Chemist: 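Starting off with a structure, shown below.
Note that the structure is predicted; figures quoted are calculated from it, not measured. Labels below follow one simple rule: chain letters A, B, ... track the order of the sequence lines, proteins then strands, and each chain is numbered from 1. Values below: all heavy atoms of this structure, side chains included; hydrogens, waters and symmetry mates excluded.
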Amino acid sequence: MPSPKDTVQAILCDGVRKIAPDAMIEVALERPRHPEHGDYATSVALQLAKVLGRKPREIAEDIVKSTRQEIAGAGACEPLQIAGAGFINIRLKQSSKTQIVRQILQAGASFGRVQAPAAPPVQVEFVSANPTGPLHVGHGRQAALGDALAALLESQGYQVTREFYYNDAGAQIRNLALSVQARAQGIEPGGAGWPVDGYAGDYIREIAEDFRAQGGKPQDDLSDLEAVRKFAVAFLRQEQDLDLRKFGVKFDVYTLESSMYAEGKVAAAVQGLVASGKTYEKDGALWLRTTDYGDDKDRVVRKSDGSYTYFVPDVAYHVSKWQRGFAKVINVQGTDHHSAVTRVRAGLQALDIGIPQGYPDYVLHSLVKVMRGGAEVKISKRAGSYVTVRDLIDWVGRDAARFFLVSRKADTEFVFDIDLALAKSEENPVYYVQYAHARVCSMLAQWGGDPAALPGAELGSLNSGKELDLAQRLSEFPEMLSAAAKELAPHAVAFYLRALAGEFHSYYNAERILVEDEALRVARLALCVAVRQTIANGLALLGVSAPEKM
RNA sequence: GCGCCCGUAGCUCAGCGGAUUAGAGUAUUGGCCUCCGAAGCCAAGGGUCGUGGGUUCGAAUCCCGCCGGGCGCGCCA
């Protein structure tokens with residue numbers, strides 16, 4: 001069932017087409033800043049003025065005249081009005097605004113969700129931390145962003161796979177093993193025999209102790225190093241898993257970088273690159289002409305020692321994504337990896353196997369800076385050089401951490417003030433939204449009536465300014481979700497929920513809901529329950545709970 | 001130096017090219033609980049949208065220069 005807005009927009013589109021058949025102009029309905037300009041307005045006449053070489057007001061009049069009958073017939077809004085330079089103002093009828101309440105109550109948890117049978121399978125890859133230490137706050141931001149993005153895409157009908165990629169094959173893993181081995185042999189960080197660039201965090205000691213407790217005897221030879229490596233990687237993978245579970249994030253697929261080698265995919269990728277004719281030998285190494293694809297310099301594929309650079313398994317991994325049928329892939333990564341974007345895309349294009357340009361999509365997020373006492377916190381005892389996800393959850397709780405981390409545009413630097421988060425934990429934005437949800441639950445309990453009666457409520461009595469504003473806000477939920485999914489911008493959900501909760505609290509304080517008049521009482525309750533449902537649906541996308549009591 | 005991103009209220013941040021007063025939160029100040037949950041509401045103060053040009057009927061928004069900040073510029077991952 002089309003919304004009143006869509007109905008009016010479709011009529012206006014027809015009208016514009018009659019007047020300017022060739023103009024490629026969208027009829028965008030905007031929300032005017034000032035209420036006296038109506039519920040929606042369009043500047044389409046101003047945009048057409050240039051194309052048609054006519055005055056905008058005249059064009060607006062033509063549009064209004066030619067659509068008058070359809071507008072009246074649809075019954076969604078009052079007669080259109082022209083204002084200012086040539087804006088067309090649209091004022092919806094009361095019943096058009098409040099019908100959303102009934103729709104929400106009928107749709108329930110599926111309000112805002114759309115079916116898209118033709119949508120391609122989507123994969124969202126995020127976190128993808130190396131198993132060399134506990135997850136840091138940057139991973140937390142990534143987990144919050146990636147999981148919300150995945151949920152957002154699911155809401156728009158996509159089949160989404162959440163995937164985690166472990167870089168378990170590189171030099172840093174060897175470094176991890178050496179560090180644990182040294183610790184297990186009683187060597188302190190920085191002491192004699194400590195590996196160059198070894199990991200100094202306390203967790204290394206924990207792993208070493210665990211290893212020994214389970215009978216491990218780390219001798220200074222390679223066979224034992226391999227045992228240490230396996231133990232340490234398993235230990236950290238499990239620990240990262242526990243943190244993610246605590247954060248409420250679940251992955252569908254885990255892929256190991258080592259499997260790219262084991263399954264011959266790295267070799268196949270190299271073969272493909274060579275076959276493409278885009279490679280050349282220089283200084284004993286094999287290079288790929290990534291500059292043909294916008295990179296600022298060519299990249300080494302095979303080092304002079306015969307091993308491959310990390311970018312080869314990366315390309316192989318993305319080929320596997322494509323071959324698994326993911327026509328749309330979104331990688332959530334820190335901006336510190338942004339140089340990989342060009343490189344991976346270049347590698348995929350060079351292979352020339354039908355992967356479209358610009359594959360995959362990226363959401364790059366700035367790193368998180370943690371502040372305490374006016375100074376940046378760079379050190380956590382356990383991790384050594386960074387603040388962990390676990391610290392964050394312990395400090396502010398999962399709901400607050402997730403809501404907070406997702407409520408900023410990905411590409412802005414995130415300053416997380418611990419003092420504020422600790423001191424004001426009860427005033428954190430998430431509680432404000434959850435509180436609105438709990439308040440409605442409480443009212444329903446007090447009312448004691450049958451909620452099944454609410455969807456059939458007569459809504460004609462909802463006509464105060466705040467009630468109509470709330471209804472309007474509710475009707476924007478689906479389009480907000482669709483825009484957020486399109487823009488890969490989950491922060492829009494958090495901002496929407498904050499605004500909706502704000503309008504609800506304001507309404508609650510202005511009007512009594514449980515009034516004597518039964519028809520009015522039921523109508524207001526229906527509106528409140530619609531708010532509750534929308535908040536619950538939005539919070540669910542963000543992985544934040546919607547408590548009935550707080 | 002080169003590339004990408006960011007500069008909006010004291011602080012943290014929204015803001016699809018649109019309508020004489022650019023929005024939230026927080027902080028500050030002053031009000032509101034015999035009344036559905038005060039984790040709430042109402043009100044006030046606080047801005048050359050970094051800066052200088054350009055495009056346009058119209059710019060915080062698009063383009064260019066400059067200033068300031070972040071990240072990246074390995075035969076590391």
Chemist: Report which part of the nucleic acid A41(A) touches: base, sugar-phosphate, or nothing (heavy-atom distance under 4.0 Å, all strands).
Modeler: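 Here A41(A) touches the bases of the nucleic acid.
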Chemist: Output the rounded distance in Å from NE2 (H365(A)) to C1' (C5(B)).
Modeler: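 That distance rounds to 14 Å.
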Chemist: Is the charged tip of R408(A) near the ring of F404(A): under 6.0 Å from the six-membered ring centre and within 45° of its axis?
Modeler: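 Judged by the rule, R408(A) and F404(A) form a cation-pi pair.
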Chemist: Is the ring of Y432(A) stacked on the base of A39(B), with centres less than 5.5 Å apart and planes under 30° off?
Modeler: no
Chemist: Between A77(B), G70(B), C16(B), which nucleotide gets closest to the side-chain atoms of E30(A)?
Modeler: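 Looking only at side-chain atoms, E30(A) lies closest to C16(B).
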Chemist: Which sits closer to the 5' end of RNA chain B, N509(A) or A410(A), going by the nucleotide each is nearest to?
Modeler: A410(A)
Chemist: Answer yes or no: does a side-chain N or O of K303(A) lie under 4.0 Å from OP1 or OP2 of A77(B)?
Modeler: yes
Chemist: In whole angstrom, what separates D295(A)'s CG from C4(B)'s P?
Modeler: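 Rounding to the nearest Å, CG of D295(A) and P of C4(B) are 13 Å apart.
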Chemist: Test the R299(A)-F311(A) pair against the cation-pi criterion, namely NZ or CZ under 6.0 angstrom from the six-membered ring centroid and within 45° of the ring axis.
Modeler: no
Chemist: Would you say a side-chain N or O of H337(A) is under 4.0 Å from OP1 or OP2 of C76(B)?
Modeler: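 Negative; the distance criterion is not met.
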Chemist: What is the distance, to the nearest angstrom, from the CG atom on D296(A) to the P atom on G72(B)?
Modeler: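 Rounded to the whole Å, the gap is 14 Å.
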Chemist: How close do L367(A) and G334(A) get, counting heavy atoms only, and between which atoms?
Modeler: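 Heavy atoms only, the tightest pair is CD2-CA, 4.3 Å.
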Chemist: Less than 4.0 angstrom between a side-chain N/O of K486(A) and OP1 or OP2 of C16(B), yes or no?
Modeler: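 Answer no for this pair, as no side-chain N or O of K486(A) is under 4.0 Å from OP1 or OP2.
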Chemist: For G7(B) and U12(B), measure between their P atoms and round to the nearest Å.
Modeler: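 That atom pair is separated by 13 Å.
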Chemist: Whole angstrom is fine here: how far is it from NZ in K409(A) over to C1' in U12(B)?
Modeler: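 Interatomic distance, NZ of K409(A) to C1' of U12(B): 13 Å.
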Chemist: Check the side chains of Y362(A) and E125(A) for a donor-acceptor pair under 3.5 angstrom, ignoring hydrogens and angles.
Modeler: no
Chemist: What is the separation between atom CD on Q333(A) and atom C1' on G72(B), rounded to the nearest whole Å?
Modeler: 13 Å
Chemist: When you get a sec, tell me which of C13(B), C35(B), G37(B) is the closest nucleotide to the side chain of R512(A)?
Modeler: C35(B)
Chemist: Counting the benzene-type ring for Trp, do Y496(A) and F477(A) have ring centres under 6.0 Å apart?
Modeler: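 Between F477(A) and Y496(A), which both carry aromatic rings, the centre distance is below 6.0 Å.
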Chemist: Measure from the side-chain heavy atoms of A285(A) and tell me the nearest of A39(B), C41(B), C75(B).
Modeler: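 From the listed options, C75(B) comes nearest.
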Chemist: Can you tell me, in whole Å, how much space there is between the C1' of G10(B) and that of G47(B)?
Modeler: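 Result for the C1' pair: 12 Å, nearest Å.
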Chemist: Nearest whole Å is fine: how far is G25(B) C1' from F404(A) CZ?
Modeler: 9 Å
Chemist: Is it the case that G37(B) (base atoms only) and S442(A) (side chain only) share a donor and an acceptor within less than 3.5 Å, ignoring hydrogens and angles?
Modeler: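 For S442(A), whose side chain was compared with the base of G37(B), there is a donor-acceptor pair (under 3.5 Å).
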Chemist: Expressed in whole Å, how much space separates the P atoms belonging to C2(B) and A60(B)?
Modeler: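 About 29 Å, rounded to a whole number of Å.
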Chemist: G18(B) phosphate, OP1 or OP2: any side-chain N/O from R31(A) under 4.0 angstrom?
Modeler: no
Chemist: Say you pick atom P in U48(B) and the same atom in G23(B); how far apart are they, in whole Å?
Modeler: 15 Å
Chemist: Roughly how many Å is it from CZ in R498(A) to P in A24(B), rounded to a whole number?
Modeler: 11 Å
Chemist: Answer yes or no: side-chain N or O of S304(A) and base N or O of C75(B) forming a donor-acceptor pair under 3.5 Å.
Modeler: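 Donor-acceptor pair under 3.5 Å: yes.
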Chemist: G69(B) phosphate, OP1 or OP2: any side-chain N/O from S366(A) under 4.0 angstrom?
Modeler: no
Chemist: Is R524(A) salt-bridged to E511(A), cutoff N-O under 4.0 Å?
Modeler: yes
Chemist: Regarding R141(A) and the six-membered ring of F414(A), is the cationic atom NZ or CZ under 6.0 Å from the ring centre and inside 45° of its axis?
Modeler: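 Ring-cation test returns no.
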Chemist: Measure the acute angle between the ring planes of F495(A) and H491(A), then classify it against the limits of 30° and 60° as parallel, tilted or perpendicular.
Modeler: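 Correct class here is perpendicular.
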Chemist: Between the base of A77(B) and the side chain of Y310(A), is one N or O donor paired with an acceptor at under 3.5 angstrom?
Modeler: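 Check passes, donor-acceptor contact within cut-off.
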Chemist: How far, in whole Å, is U34(B) from U8(B) if one measures between their C1' atoms?
Modeler: 46 Å
Chemist: Regarding E511(A), tell me which of base, sugar-phosphate or nothing describes its non-hydrogen contacts under 4.0 Å with the strands shown.
Modeler: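 E511(A): base contact, heavy atoms under 4.0 Å.
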Chemist: In whole Å, measure the gap between the C1' atoms of C13(B) and G17(B) for me.
Modeler: 22 Å
Chemist: Which part of the nucleic acid, if any, lies within reach of D314(A) when heavy atoms closer than 4.0 Å are counted: base, sugar-phosphate only, or nothing?
Modeler: nothing
Chemist: In terms of side-chain geometry, is the basic nitrogen of E163(A) or K321(A) positioned less than 4.0 Å from the acidic oxygen of its partner?
Modeler: no
Chemist: For E281(A), is there an ion pair with R302(A) - N to carboxylate O distance below 4.0 angstrom?
Modeler: yes
Chemist: C1' atom, C71(B) versus A38(B): distance in rounded Å?
Modeler: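 Pairwise C1' distance, C71(B) against A38(B), rounds to 45 Å.
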Chemist: For nucleotides G58(B) and A14(B), find the distance between their C1' atoms and express it as a whole number of Å.
Modeler: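 Looking at atom C1' only, G58(B) and A14(B) are 22 Å apart.
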Chemist: When all nucleic acid strands are considered with a 4.0 Å heavy-atom cut-off, which category describes A483(A): base, sugar-phosphate, or nothing?
Modeler: nothing
Chemist: Tell me which nucleotide among A14(B), C13(B), C41(B) gets nearest to the side chain of F414(A).
Modeler: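 It is C13(B).
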Chemist: With a 4.0 Å cut-off on heavy atoms, is Y435(A) in touch with a base, just the backbone sugar-phosphate, or nothing at all?
Modeler: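 Base, at least one base heavy atom under 4.0 Å.
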Chemist: Check whether the side chain of H338(A) and the base of G3(B) form a donor-acceptor pair under 3.5 Å.
Modeler: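 A donor-acceptor contact between them is present.
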Chemist: Round to the nearest Å and state the distance from R439(A) atom CZ to C36(B) atom P.
Modeler: 10 Å
Chemist: Let's see if you can work this out: which of C75(B), A14(B), C42(B) has an atom nearest to the side-chain heavy atoms of S506(A)?
Modeler: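 The closest nucleotide is C42(B).
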Chemist: Just checking F311(A): base, sugar-phosphate only, or nothing, at a heavy-atom cut-off of under 4.0 Å?
Modeler: nothing
Chemist: Any idea which of G70(B), C36(B), G40(B) is nearest the E413(A) side chain?
Modeler: G70(B)
Chemist: Can you tell me if S43(A) touches the phosphate of G17(B), counting only side-chain N or O atoms and a distance under 4.0 Å to OP1 or OP2?
Modeler: no
Chemist: Select base, sugar-phosphate, or nothing to describe what E257(A) touches, counting heavy atoms under 4.0 Å on all strands.
Modeler: sugar-phosphate
Chemist: Please, what dot-bracket string fits RNA chain B when only Watson-Crick and G-U pairs with both distances under 3.5 Å count, crossing ones use [ ] and pairs to another strand use |?
Modeler: (((((((..((((....[....)))).(((((.......))))).....(((((..]....))))))))))))....
Chemist: Could a donor-acceptor pair under 3.5 angstrom be found where the side chain of N89(A) meets the base of A19(B)?
Modeler: yes
Chemist: Looking at C41(B), G15(B), A77(B), which one has an atom nearest to any side-chain atom of Q172(A)?
Modeler: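 Nearest listed nucleotide: A77(B).
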Chemist: Looking at every strand, decide which applies to K297(A) at a 4.0 Å heavy-atom threshold: base, sugar-phosphate, or nothing.
Modeler: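 Counting heavy atoms under 4.0 Å across all strands, the contact made by K297(A) is with sugar-phosphate only.
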Chemist: Under a 4.0 Å threshold between the charged nitrogen and the carboxylate oxygen, would E479(A) count as salt-bridged to K5(A)?
Modeler: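 Between E479(A) and K5(A) there is a salt bridge, with a charged N closer than 4.0 Å to a carboxylate O.
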